[in-house]
Amino acid sequence: MKITQLFLRFAIAIGFLSAVADRMGLWGTPGTTNVAWGNWENFLNYSNQLNFFVPDFIGRILAVLATCLEVVLAFLLIVGYQTRITAILSGGLLTFFALMMTLAFGIKMTFDYSVWIGVSASFLLSTVPVYVYSLDQVLLDRRD
């Protein structure tokens with residue numbers, strides 16, 4: 001279980017950071033193999049498709065908010081701080097993504113991009129009783 005919880009933390013975090021890197025063009029330019037967006041504008045267009053029910057200016061705010069949340073949650077998962085709460089928030093964010101993807105494009109895309117696996121992994125991580133190799137554990141050991 002020690003290594004499994006660590007792997008889950010890192011897998012979820014890297015998933016978030018990879019998506020952010022893609023929208024910043026760090027994985028390559030638009031059209032490059034395995035690049036979903038390649039730049040912020042393409043991501044923004046995609047995000048506005050997901051958030052079709054709000055005006056574009058609110059969609060921009062949601063895109064920035066989602067990106068910031070992904071970075072913060074990834075950082076917290078990597079260092080293992082407030083891991084249970086962070087895992088629940090990660091699962092919630094991914095659930096929101098999955099629901100918006102389903103409404104905008106249909107449910108198949110959520111399976112193709114393994115969003116429900118990320119949701120499940122996040123919520124499974126939240127049930128782990130002890131987060132060894134984490135800042136949570138370091139802080140707990142210091143209290144004792």
Side-chain angles (χ1 to χ4, degrees), residues 1-54 59-144:
M1 182 61 87
K2 291 177 181 182
I3 297 300
T4 304
Q5 63 83 28
L6 184 64
F7 180 75
L8 275 174
R9 285 181 19 224
F10 277 55
I12 298 163
I14 291 168
F16 283 148
L17 293 176
S18 178
V20 171
D22 189 321
R23 67 189 72 147
M24 299 302 166
L26 299 176
W27 284 125
T29 58
T32 303
T33 303
N34 298 319
V35 170
W37 307 293
N39 62 41
W40 180 256
E41 281 305 312
N42 287 345
F43 170 70
L44 194 55
N45 291 335
Y46 171 78
S47 179
N48 283 337
Q49 288 178 309
L50 288 182
N51 298 300
F52 60 89
F53 52 91
V54 299
R60 287 182 181 276
I61 293 168
L62 292 174
V64 170
L65 180 63
T67 300
C68 291
L69 281 172
E70 287 172 295
V71 170
V72 169
L73 292 171
F75 174 75
L76 293 173
L77 287 168
I78 289 169
V79 299
Y81 182 69
Q82 296 294 318
T83 308
R84 183 165 286 109
I85 293 167
T86 303
I88 291 168
L89 292 173
S90 297
L93 180 62
L94 290 168
T95 298
F96 180 76
F97 287 163
L99 293 174
M100 293 301 98
M101 288 171 76
T102 299
L103 290 174
F105 305 117
I107 197 158
K108 183 182 180 301
M109 183 181 259
T110 65
F111 297 124
D112 291 349
Y113 288 98
S114 303
V115 181
W116 294 112
I117 292 172
V119 169
S120 301
S122 296
F123 288 135
L124 179 62
L125 180 61
S126 75
T127 68
V128 173
V130 177
Y131 299 103
V132 293
Y133 313 121
S134 69
L135 186 55
D136 289 337
Q137 189 62 49
V138 170
L139 295 173
L140 189 61
D141 289 347
R142 281 192 176 169
R143 269 195 307 186
D144 293 339

Just wondering, do [Y] and [X] contact through their side chains at under 4.5 Å, heavy atoms?
| X | Y | result |
| --- | --- | --- |
| Tyr133 | Ile3 | yes |
| Met101 | Tyr46 | yes |
| Leu44 | Glu41 | yes |

Please name the pair of heavy atoms, one in [X] and one in [Y], separated by the smallest distance, quoted to 0.1 Å.
| X | Y | answer |
| --- | --- | --- |
| Val54 | Gly59 | CG2-N, 3.8 Å |
| Thr95 | Val119 | OG1-CG1, 3.4 Å |
| Ile88 | Ser126 | CG1-CB, 3.6 Å |
| Pro30 | Trp37 | CG-O, 3.6 Å |
| Ala98 | Thr110 | O-CG2, 3.4 Å |
| Ala87 | Leu77 | N-CD2, 4.5 Å |

Could you state the interatomic distance from [atom1] ([X]) to [atom2] ([Y]), rounded to the nearest 0.5 Å?
| X | Y | atom1 | atom2 | value |
| --- | --- | --- | --- | --- |
| Ser134 | Lys2 | OG | NZ | 12.0 Å |
| Ile12 | Leu17 | CD1 | CG | 12.0 Å |
| Leu94 | Trp116 | CG | CH2 | 9.5 Å |
| Asn51 | Ile61 | CG | CD1 | 11.5 Å |

>> Applying side chain to side chain donor-acceptor pair (under 3.5 Å) as the test, list every pair that has at least one member in residues 14-27; sequence neighbours left out.
In response: Ser18-Trp27, Arg23-Thr67, Arg23-Glu70

>> For Asn48, is there any backbone N or O sitting under 3.5 Å from a side-chain donor or acceptor partner on Arg60?
In response: no

>> For Val130, is there any backbone N or O sitting under 3.5 Å from a side-chain donor or acceptor partner on Gln137?
In response: no

> Do you know which of Leu140, Leu6, Leu125 makes side-chain contact (heavy atoms from CB on, under 4.5 Å) with Tyr131?
Replying inline: Leu125

> Do other residues, nucleotides or ligands put more than 12 heavy atoms under 6.0 Å from the CZ atom of Phe75?
Replying inline: no

>> Atom CG of residue position Asp141 - does it have more than 12 heavy atoms of other residues, nucleotides or ligands inside 6.0 Å?
In response: yes

> For Trp40 and Val64, what are the C-alpha separation, side-chain angles and deciding distance, and is it a side chain to side chain contact (heavy atoms under 4.5 Å, CB included)?
Replying inline: CA-CA 10 Å; Trp40 180 256; Val64 170; 3.8 Å; yes

>> Please determine whether side chain to side chain contact (heavy atoms under 4.5 Å, CB included) holds for the pair Phe111 and Ile117, giving the CA-CA distance in whole Å, both sets of side-chain angles, and the decisive distance to 0.1 Å.
In response: CA-CA 8 Å; Phe111 297 124; Ile117 292 172; over 6 Å; no

>> List the residues meeting side-chain contact (heavy atoms from CB on, under 4.5 Å) with Tyr81, not counting sequence neighbours, and say none if there are none.
In response: Leu76, Val79, Leu135, Asp136, Leu139

>> Just by distance, no angles: are the side chains of Gln49 and Asn45 close enough, under 3.5 Å, to form a donor-acceptor pair?
In response: no

> Can you tell me if Thr86 and Thr83 form a side-chain donor-acceptor pair at under 3.5 Å?
Replying inline: no

